[in-house]
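Everything on this sheet refers to the single structure shown next.
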Amino acid sequence: MQPVALVTGASSGVGEALAPLLAQRGYKVYGMSRREVDLPGVVALPADVADSAALEAAVARIITETGRLDVVMHCAGIGGAGPVEQMPTEQAKKIIDTNFWGSWNICQATLPHLRKSERGRLLLVGSIAGFMGIPFRSAYCASKAALKAMTDSLRMEVQGTDLQVAYIAPGDIATNSIATQYRQPVFDLAPIYQARYKKADDGMADNVDHGMTALYVAETMYRIMEKEELKPFYVIGAFVQRASVKVSRWLPGRLWEKVLGKYYS
Ligand SMILES: NC(=O)c1ccc[n+]([C@@H]2O[C@H](COP(=O)([O-])OP(=O)(O)OC[C@H]3O[C@@H](n4cnc5c(N)ncnc54)[C@H](OP(=O)(O)O)[C@@H]3O)[C@@H](O)[C@H]2O)c1
């Protein structure tokens, strides 16, 4: 039987690299995003992950056509920048709706099918930002931290089944994500924020531009997915970014803030 995979976020970045890669490796692949994808070996499955009814219908289509679902690589997500005090609430909610509630919807729609697979795999893409606050990225960090906590809970809930679940925490990846996300204009902000916000936002854009390739992240995720038993989370990134997850836990809080503050503002 050909195994069946769903890749979300297939129209750009990591998902766009991962969907054809899984097809090359023998999976029947469905590529989900709001824009319809045209990728080799990938069946386009347009849906908004924040719309639970549309998502349920899309997953039902996979089951009708193939009768199974073995792997979900949930890459869909959005970023956004602005200070807590002034970022428009609807922009912050959009980030949380997509990154957290979208992931929740993915779990609810796909778990009943993944649990039936003899080798079910669910990889939820979060971020290193799910382990720490980053200035002017609060809604994004909150959405990815919430996803991390949900993944930890879910792993324990499905213990004893054939399903393996993991949180994937990449560092910077050179994709289009900065260009397509909401970034609050500097001139909207109170003067106390302007210079630090500009520095942090320019620094973030530069880090992303010089980040890992989407293909590298996709290949790493494929190798993780192939493992017999998955760890709770995998950090993918340059040494400094991988180390930051550990260092943020060891250092006293105020010292860690100083280190991170130097990096971003
Ligand atoms: N780039 C980085 O530096 C970085 C770092 C750490 C973690 N991440 C995470 O890695 C994942 C992939 O990021 P990326 O850089 O590859 O992003 P990207 O190039 O911006 O692609 C994001 C994908 O998500 C899809 N998407 C967004 N909102 C959606 C929605 N409501 N419903 C369905 N699909 C939706 C987009 O498609 P449509 O617009 O067509 O819907 C697109 O295919 C994300 O979860 C991101 O948070 C990225």
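Predicted, not measured: the structure shown is a model, and the values here were computed from it. Counting starts at 1 for both ligands and their atoms, in listed order.
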- Query: With a 6.0 Å cut-off on ring centres, are Phe131 and Phe233 close enough?
  - Reply: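 Centroid separation for Phe131 and Phe233: below 6.0 Å.
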
[X] bridged to [Y] by N-O distance under 4.0 Å:
{"X": "Arg68", "Y": "Glu118", "answer": "yes"}
{"X": "Asp201", "Y": "Arg137", "answer": "yes"}
{"X": "Glu257", "Y": "Lys262", "answer": "no"}
{"X": "Arg61", "Y": "Glu65", "answer": "yes"}

Record the part of [X] in heavy-atom contact with ligand 1 below 4.0 Å; permitted values are side chain, backbone, both and neither.
{"X": "Ile78", "result": "side chain"}
{"X": "Ala10", "result": "backbone"}
{"X": "Val208", "result": "side chain"}

Which residue and atom name correspond to the protein heavy atom nearest [atom], and how close is it?
{"atom": "atom 36 (C) of ligand 1", "result": "Ser11 OG, 3.7 Å"}
{"atom": "atom 16 (O) of ligand 1", "result": "Val14 N, 2.9 Å"}
{"atom": "atom 5 (C) of ligand 1", "result": "Gly171 O, 3.0 Å"}
{"atom": "atom 22 (C) of ligand 1", "result": "Gly77 O, 3.6 Å"}

- To the nearest 0.5 Å, what is the distance between OG (Ser52) and CD1 (Ile106)?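 Result: 11.0 Å between the selected atoms.
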
- Task: Using the six-membered ring wherever Trp is involved, compare the ring planes of Trp104 and Trp101 and label them parallel, tilted or perpendicular (cut-offs 30° and 60°).
- Result: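 The rings of Trp104 and Trp101 stand perpendicular, inter-plane angle above 60°.
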
- Query: N/O to N/O below 3.5 Å, does that happen between Val49 and ligand 1?
  - Reply: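 Yes, there is a polar N/O contact under 3.5 Å.
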
- Between Asp172 and Gln241, is any side-chain donor less than 3.5 angstrom from a side-chain acceptor?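 Distance-only check passes for Asp172 and Gln241.
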
Which option wins on minimum heavy-atom distance to [atom]: [options]?
{"atom": "atom 18 (P) of ligand 1", "options": "Ala218, Ser12, Gly9", "result": "Ser12"}
{"atom": "atom 41 (O) of ligand 1", "options": "Arg34, Glu36, Lys144, Lys94", "result": "Arg34"}
{"atom": "atom 44 (C) of ligand 1", "options": "Ala129, Pro46, Cys75", "result": "Cys75"}
{"atom": "atom 10 (O) of ligand 1", "options": "Val125, Thr175, Thr180", "result": "Val125"}

